[in-house]
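If you read the sequence from its start, that first residue is 1, and numbering goes on from there.
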Amino acid sequence: RNDINVSFYVTDYKNKINVKYKGILPDLFKENQGTVVVGSLINDTFIASEVLAKHDENYMPPEVAKILNEK
């Protein structure tokens, strides 16, 4: 398994914290998108054991969108 070491910031637009993660980020993970990060704060860096990307209320899995478009 080829894990990737990534580093990014999470912000509430007032404060920000550096996050480090070893693994593959979710497909929905992108800038200005909501995220949930699980892990531990060590010094001033959050070491993530899991990164989850949140989608907006309009998100539809591609498989469902394809079925609806075929009808």
Side-chain angles (χ1 to χ4, degrees):
R1 183 174 161 197
N2 293 329
D3 284 334
I4 299 170
N5 291 313
V6 294
S7 180
F8 56 91
Y9 287 97
V10 173
T11 184
D12 62 0
Y13 300 107
K14 185 175 179 182
N15 304 289
K16 71 178 183 178
I17 188 163
N18 185 35
V19 178
K20 292 190 177 186
Y21 177 64
K22 183 178 182 179
I24 297 174
L25 294 169
D27 290 339
L28 292 175
F29 183 87
K30 63 182 178 182
E31 190 171 350
N32 295 318
Q33 186 70 30
T35 190
V36 176
V37 183
V38 179
S40 301
L41 184 62
I42 299 175
N43 298 319
D44 291 331
T45 301
F46 194 87
I47 307 301
S49 59
E50 186 174 12
V51 176
L52 305 170
K54 294 176 69 175
H55 53 75
D56 65 27
E57 65 278 355
N58 298 320
Y59 173 77
M60 185 177 303
E63 300 82 16
V64 175
K66 181 180 177 186
I67 291 169
L68 290 176
N69 286 334
E70 290 173 354
K71 291 185 177 186

>> Do Ile4 and Phe46 sit in one hydrophobic cluster, given that two such residues count as connected whenever their side-chain heavy atoms are within less than 4.5 Å of each other, even indirectly?
In response: yes

> With sequence neighbours left out, what residues match Thr45 under side-chain contact (heavy atoms from CB on, under 4.5 Å)?
Replying inline: Asn18, Lys20, Ile47

> What residues, two or more places apart in sequence or in another chain, satisfy side-chain contact (heavy atoms from CB on, under 4.5 Å) together with Leu25?
Replying inline: Val6, Phe8, Tyr21, Phe29, Val51

> Which atom names give the shortest non-hydrogen contact between Lys22 and Asn5, and what distance separates them?
Replying inline: CG-OD1, 3.3 Å

> For Pro26 and Ala53, which heavy atoms make the closest approach, and how far apart are they?
Replying inline: CG-N, 3.8 Å

Distance-only donor-acceptor hits, side chain of residues 9-17, under 3.5 Å, sequence neighbours excluded:
| residue | atom | partner | partner atom | Å |
| --- | --- | --- | --- | --- |
| Thr11 | OG1 | Tyr13 | N | 2.8 |
| Thr11 | OG1 | Asn15 | O | 2.6 |
| Asp12 | OD1 | Lys14 | N | 2.9 |
| Asp12 | OD1 | Asn15 | N | 2.6 |

